[in-house]
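Throughout, a chain's letter reflects where its sequence line sits, starting with A, and its residues are numbered from 1.
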Number of protein chains: 2
Amino acid sequence: MAEPTNNPPAEPIDTRFLESLIGYNARRAALAVIEQFLQHMAAYELRPVSFSVLSLVKHNPGITSSQLCTALGILPPNLVGLLKPLVKRALIERRPHPHDGRAMALHLTSTGRTLMAKAEATAAELELQATANLSKSERTTLLQLLKKVYA
Amino acid sequence: MAEPTNNPPAEPIDTRFLESLIGYNARRAALAVIEQFLQHMAAYELRPVSFSVLSLVKHNPGITSSQLCTALGILPPNLVGLLKPLVKRALIERRPHPHDGRAMALHLTSTGRTLMAKAEATAAELELQATANLSKSERTTLLQLLKKVYA
DNA sequence: TATTGTTATACTCTATAACTATA
DNA sequence: TATAGTTATAGAGTATAACAATA
């Protein structure tokens with residue numbers, strides 16, 4: 001039959017219904033941004049969630065595991081495996097909690113602080129890159145509207 | 001020490017840096033909307049991606065697997081396991097492709113059409129519910145801005 | 001009795017390599 | 001040689017149950 005089998009195809013796909021759904025669009029947007037994140041953060045061997053954990057420890061020295069779980073929507077058994085390699089890489093250090101013998105207070109090590117200074121700078125650059133199609137005010141609006149959805 | 005260990009805690013967590021990132025907010029928003037989706041679509045035994053597949057087959061009768069993969073960002077090996085139960089439940093039917101002997105043309109069965117009429121109506125209701133904090137124009141703006149991010 | 005943190009485990013989602021049949 | 005679809009498999013991500021230590 002030898003039709004050219006063009007790529008992209010001559011018959012466009014109708015995605016209008018899906019594209020009318022906030023959930024669908026938010027997921028596609030998140031995946032697009034996270035893909036860039038993965039590529040650039042690979043240099044630091046950080047995944048999105050690892051980065052989020054380190055960022056919260058940086059800005060909240062002494063934070064506990066259960067506080068991290070609440071803030072990030074992670075279940076406690078899953079946080080264990082996230083923290084373990086970060087401690088092993090000496091980015092995070094676990095100290096006894098001052099008021100609660102059950103808990104551990106998490107702190108960045110100096111290695112962790114050095115890495116996160118670079119990683120957060122990279123994240124901020126990526127942010128501009130990922131939203132290159134948006135004006136400054138559009139970007140601000142988008143952030144506000146997304147927060148309203150999950151608040 | 002007997003501090004009340006309040007829930008939520010008395011010391012709020014500083015999440016300002018993460019909340020400045022589009023990727024973080026888009027992911028949180030997507031997860032919030034998808035959680036509601038999961039709950040309400042459980043009645044139809046549909047997951048978000050299964051729903052997306054059925055919706056594209058409904059609006060693009062005769063669509064092929066590779067077109068579905070391209071449109072939804074799914075890898076071909078993973079689509080196989082998605083389609084199998086939909087065929088087994090007799091929601092989708094696979095016909096020979098009219099012009100390409102390698103491909104299969106996908107169509108909804110009458111069972112599939114009946115299910116998707118209800119499921120798409122439910123999705124549209126959910127949409128209003130999930131964006132109850134947004135005005136009509138805010139919702140339109142959010143959709144446009146999300147599309148700009150992943151376009 | 002309730003909470004923090006942990007182990008073990010299972011299920012889903014996503015990714016890669018290799019194969020077949022058709023083009 | 002390239003593409004459509006498939007199998008097998010491995011790795012993340014996410015979920016529940018059950019436990020020890022401490023509150």
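- Nearest nucleotide to the side chain of A:Ser65, out of D:dG5, D:dT7, C:dG5: C:dG5.
- Atom CE of B:Met104 and atom P of C:dA23 are 13 Å apart (whole Å).
- When the nucleotides C:dG5, C:dT4, D:dT16 are ranked by their closest atom to the side chain of A:Arg102, C:dT4 comes out on top.
- Within the 4.5 Å cutoff, side-chain heavy atoms of A:Glu138 are placed close to those of B:Lys148.
- Rounding to the nearest 0.5 angstrom, the gap separating the NZ atom in B:Lys147 from the CZ atom in A:Arg28 is 11.5 Å.
- Sequence order on DNA chain C of the closest nucleotides to A:Thr64 and B:Val49 puts A:Thr64 first from the 5' end.
- Taking 3.5 Å as the limit, the base of D:dA4 and the side chain of B:Asp100 contain no donor-acceptor pair of atoms between them.
- Note on A:Ser66: a side-chain N or O is less than 4.0 Å away from OP1 or OP2 of C:dG5.
- A close approach under 4.0 Å does occur between a side-chain nitrogen or oxygen of B:Lys84 and OP1 or OP2 of D:dT7.
- Taking the nucleotide of DNA chain C with the nearest heavy atom to each of B:Ile74 and A:Leu79, the more 5' of the two is matched to A:Leu79.
- Atom CG of A:Leu46 is separated from atom P of D:dG13 by 12 Å (rounded to the nearest Å).
- Here the C1' atom of nucleotide D:dG13 and the CG atom of A:Leu31 are 13 Å apart, to the nearest Å.
- For A:Pro77, the side-chain atoms get nearest to C:dT6 when compared with the rest of C:dT4, C:dT6, D:dT6.
- Taking the six-membered ring wherever Trp is involved, the centroid distance between the rings of A:Phe37 and A:Phe51 falls below 6.0 Å.
- One can place NE2 of A:His97 at 15 Å from P of D:dT22, the figure rounded to the nearest angstrom.
- Using a 4.5 Å heavy-atom cutoff, the side chains of A:Ile74 and A:Leu68 are not in contact.
- No donor-acceptor contact under 3.5 angstrom links the side chains of B:Glu127 and A:Ser20, judged on distance only.
- Atom CZ in B:Phe37 sits roughly 16 Å away from atom C1' in C:dT12 (whole-Å rounding).
- The nearest whole Å value for the distance from the CD atom in A:Gln67 to the P atom in C:dT4 is 9 Å.
- To the nearest angstrom, C1' of D:dA12 lies 12 Å from CG of B:Asn78.
- Remark: P of C:dA15 and CD1 of A:Ile34 are 12 Å apart, rounded to the nearest angstrom.
- Applying the 4.0 Å criterion to OP1 and OP2 of D:dG13, one finds that A:Arg47 has a side-chain N or O inside that range.
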